[in-house]
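Just below is one structure, and these are the notes that go with it.
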There are 2 protein chains.
Amino acid sequence: MLEARLGEAAEFKKVIDAIKDLVQDCNFDCNDSGVALQAMDNSHVALVAMLLKAESFEPFRCDRNIALGVNLTSLTKVLRAAQNDDILTLKAEDAPDVLNLVFESKANDRISEYDLKLMDIDQEHLGIPDTEYAATVTMSSAEFKRITTDLIAMSESVTIDVSKDGVKFSAQGDIGNGSINLRQHTDLEKSTNSVEIELSEPVALTFSLKYLVNFCKASALSTRVKICLSNEVPLLVEFGLSGTSYLRFYLAPKIGDEE
Amino acid sequence: MLEARLGEAAEFKKVIDAIKDLVQDCNFDCNDSGVALQAMDNSHVALVAMLLKAESFEPFRCDRNIALGVNLTSLTKVLRAAQNDDILTLKAEDAPDVLNLVFESKANDRISEYDLKLMDIDQEHLGIPDTEYAATVTMSSAEFKRITTDLIAMSESVTIDVSKDGVKFSAQGDIGNGSINLRQHTDLEKSTNSVEIELSEPVALTFSLKYLVNFCKASALSTRVKICLSNEVPLLVEFGLSGTSYLRFYLAPKIGDEE
DNA sequence: TGCTTGCCCA
DNA sequence: TGGGCAAGCA
């Protein structure tokens, strides 16, 4: 059986919120190391990979592997009933029909309990290779969100150029062109605004802005975002969660004429 | 003639706001004890009973019985012209064609005056028996509102179970089940959050959530709500107004298959 | 007609 | 930041 308790429902609510527009149904794969989710988006262009490690829960118990097939729209409805600072406990039997969610107010005067019906989901589990990326940009997630929403006004695509000194986001469209240049720098006053770049070789790749904007729903989860690029490999956009848990989005680059 | 003055227009505005989606046209019955309203909702499932007692007005004058037949949509339009902290005076002749509403700013630099045309409304006046309820729950109106809106995501109906120790709201639906348990308790820090239960015998009844959600528009009127239940008798949901004035909603339970 | 999403106000 | 309202879609 699974029993996993989170001190604050807010993070889980935000994670599901950030995923639910990309994926309708997916499995939560639970084992003794934590709860994992991996799914292609509906149009098979992007991939979401979430890992909530066991140490992010207190307590965490999961005796054996359980796959919980969840409809994320339904889960969102249920999670709307959780206050942000509620204690959230996920429970499931070993061969479950339902996922049991318990919300307890911190004051302990209210207990809400929901049973969410589960479904069987056949899911090809894609092994995601552990890539050494040519370029890794770590920056403010709010700024990344801002850049993507600004540029989507100009074009459907953005080209991300990473060089030693900085990163350039540029878009060409019917009404004109736009580009944002960020220098690598350490902001001593507001360290969340720093732009860090790790580079083995310069990279320039083009991506669909629609997806990037969508990924940025997760910007509420972390002040920082890590953007990893290599030629001919999907972009990785990673938001850190509590502990070393994470929410990752992958997006294949546009090639040639597609741009 | 009627002349009734309220220090703050806000309460009257909120009362009409809370009723207007249930009832289109109804009589304001005025006599020397105050202004009363009683009406079935359009589908004859729920009943609204409002009483604004004479002492809630200052001054209050009403020489004889007057029935003011008002279209609540029109009244809402007129009330939109009143600032929340305006002084509101209702006036009518003994056999009136119009209800006269005067809004005065507290600073006394603006006087708005509206005449609302009245209509003849034939209204069966239902005597509402003064029931001794088997169970009475008094709780935070915000929490009651929250519970009804949370559960309507799961189902059309809610079952309210009142026992000595607490009250349980539960709903079963296609995507799963949900329930909220509140223990009877006194919250010393935030007394509006206390849950009080008076019980002569346990009660479990099922009601349409759509109506309860609607009733909860009145939650802005009072931090507390009183929920009274007895078997085979309509539920009473009461919001206290200034003084001992009140706004009450009645709703017949669902029976058997209807659930 | 009801539900969902986006915008505006408190 | 959360709730309420209005518009657009299924």
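Chain A is the first sequence line, chain B the second, and so forth, proteins listed ahead of strands; every chain is numbered from 1.
Taking every side-chain heavy atom of Lys145(B) into account, dG4(D) is the closest of dG4(D), dT4(C), dG2(D).
Lys14(B) places its NZ atom 14 Å from the C1' atom of dG3(D), with the value rounded to the nearest Å. Spacing between atom CG of Asp17(A) and atom P of dG2(D) amounts to 12 Å, rounded to whole angstrom units. Lys77(A) has its NZ atom 12 Å from the C1' atom of dG2(C), to the nearest Å. Rounded to whole Å, atom P of dG3(D) lies 13 Å from atom CD of Glu143(B). dT5(C) atom P lies 6 Å from atom NZ of Lys20(A), rounded to whole Å. The separation between Asn84(B) atom CG and dA10(C) atom P is 9 Å, rounded to whole Å. Atom CD of Gln83(B) and atom P of dC9(C) are 15 Å apart (whole Å). Atom-to-atom, CD of Glu156(B) to C1' of dT1(C) comes out at 13 Å; the value is rounded to the nearest Å.
Residues Asp21(A) and Asn214(A) have side chains that never bring a donor and an acceptor to within less than 3.5 angstrom of each other.
Nearest heavy-atom pair across Phe144(A) and Cys216(A) is CD2-SG, 3.4 Å. The shortest heavy-atom contact between Leu72(A) and Cys26(A) is CD1-SG, 4.1 Å.
Distance alone, capped at 3.5 Å, is enough to place a donor-acceptor pair between the Asp187(A) side chain and the Glu189(A) backbone.
Nearer the 5' end of DNA chain D, as judged by each residue's closest nucleotide, is the contact made by Arg146(B), out of Arg146(B) and Arg80(B).
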